[in-house]
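Each residue takes its place number in the sequence, starting with 1. Every value quoted in this text rests on a predicted model; they were computed, and no experiment measured them.
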Amino acid sequence: DYEALVAKADKAQQRQILGTVGRLIKKCIRSFDDAYRAGDSEFIMCLKHSQAIGGTAAVNRLRSFLAEEKVRVRIDKKEIPLTMSYCIAEPIPGDTLTELLTNMRADLSKWGQNPNAAVEYHEQSPLQRYIGEDSK
């Protein structure tokens with residue numbers, strides 16, 4: 001619910017949340033891994049020399065760190081815990097970053113309002129993806 005958070009939180013609170021998330025991401029990756037902020041509501045962890053299982057471990061560490069911090073966000077006089085949703089992918093040669101992110105966003109958006117969702121992206125051809133979406 002990043003859009004709702006931005007609409008209701010003041011700039012100082014937004015900076016504090018982003019700073020906390022950035023610090024926790026840095027804490028859960030290795031020194032030779034990379035992390036990026038992609039747009040307002042997305043972070044990318046590039047875990048070099050890892051398979052999907054390594055991505056799952058990193059997500060579990062990040063979830064744990066986020067829970068330990070007990071970050072709460074005040075929206076409309078209510079305090080709610082900060083949660084993140086995750087999508088893990090293991091790119092293959094020939095994948096472009098743009099296509100990978102587009103497909104991961106689509107997969108993650110299928111979970112709608114499910115806070116703290118974790119989705120593993122499985123490589124599919126555009127035709128397989130189209131057929132899969134068409135049958136739903």
Side-chain angles (χ1 to χ4, degrees):
D1 294 332
Y2 184 76
E3 290 77 22
L5 178 111
V6 169
K8 305 288 182 171
D10 61 32
K11 294 289 183 191
Q13 190 176 27
Q14 291 174 31
R15 280 193 302 274
Q16 178 187 10
I17 292 166
L18 290 174
T20 299
V21 171
R23 179 175 48 78
L24 296 178
I25 287 173
K26 186 175 179 181
K27 183 177 174 182
C28 82
I29 63 175
R30 301 164 299 186
S31 62
F32 55 87
D33 292 329
D34 295 320
Y36 306 94
R37 184 169 170 210
D40 288 337
S41 62
E42 297 174 334
F43 297 88
I44 298 171
M45 294 188 299
C46 181
L47 307 176
K48 301 170 185 172
H49 310 293
S50 290
Q51 296 176 332
I53 192 79
T56 301
V59 163
N60 288 335
R61 283 192 303 273
L62 184 54
R63 279 181 161 167
S64 175
F65 294 154
L66 196 57
E68 287 172 10
E69 291 274 328
K70 296 183 175 127
V71 179
R72 303 200 56 86
V73 180
R74 186 171 191 81
I75 297 179
D76 293 332
K77 299 181 182 178
K78 289 191 306 189
E79 295 230 345
I80 58 171
L82 178 64
T83 61
M84 296 176 68
S85 296
Y86 311 86
C87 191
I88 300 163
E90 188 174 341
I92 60 172
D95 282 345
T96 67
L97 181 60
T98 302
E99 290 173 337
L100 184 64
L101 290 176
T102 298
N103 292 335
M104 289 173 70
R105 287 176 185 125
D107 288 348
L108 198 53
S109 71
K110 290 177 188 174
W111 292 91
Q113 299 299 316
N114 185 4
N116 211 22
V119 178
E120 185 172 343
Y121 173 77
H122 293 278
E123 182 63 34
Q124 294 179 318
S125 72
L127 179 60
Q128 289 171 313
R129 184 170 281 279
Y130 174 76
I131 290 170
E133 288 174 0
D134 195 38
S135 65
K136 294 181 181 173

A35: partners by side-chain contact (heavy atoms from CB on, under 4.5 Å), with sequence neighbours left out: I25, I29
Closest contact, heavy atoms only, R61 versus C28: NH2-O, 2.8 Å
Shortest non-hydrogen contact between A89 and M104, atoms and distance: CB-SD, 3.7 Å
Single-linkage hydrophobic cluster, 4.5 Å side-chain cutoff, L101 and Y86 together: no
Least distance between heavy atoms, A52 atom then I88 atom: O-CG2, 3.9 Å
Partners meeting side chain to side chain donor-acceptor pair (under 3.5 Å) with E42 (sequence neighbours left out): R105
R23 CZ to K26 NZ distance, which is reported to the nearest 0.5 Å: 11.0 Å
Step-by-step side-chain contact (heavy atoms from CB on, under 4.5 Å) determination, L18 to F43: CA-CA 10 Å; L18 290 174; F43 297 88; 3.7 Å; yes
Check: N60 main-chain N/O paired with S64 side-chain donor or acceptor under 3.5 Å: no
E69 and L82, any side-chain heavy atoms less than 4.5 Å apart: no
Residues, nucleotides or ligands: over 12 heavy atoms within 6.0 Å of K48 NZ: yes
More than 12 heavy atoms from other groups under 6.0 Å of CD on Q51: no
Nearest-0.5 Å distance that lies between atom CD in E90 and atom OG1 in T56: 10.0 Å
Cluster overlap I44 with F65, hydrophobic side-chain contacts below 4.5 Å: no
All side-chain contact (heavy atoms from CB on, under 4.5 Å) counterparts of R30, not counting sequence neighbours: F32, D33, L47, S50
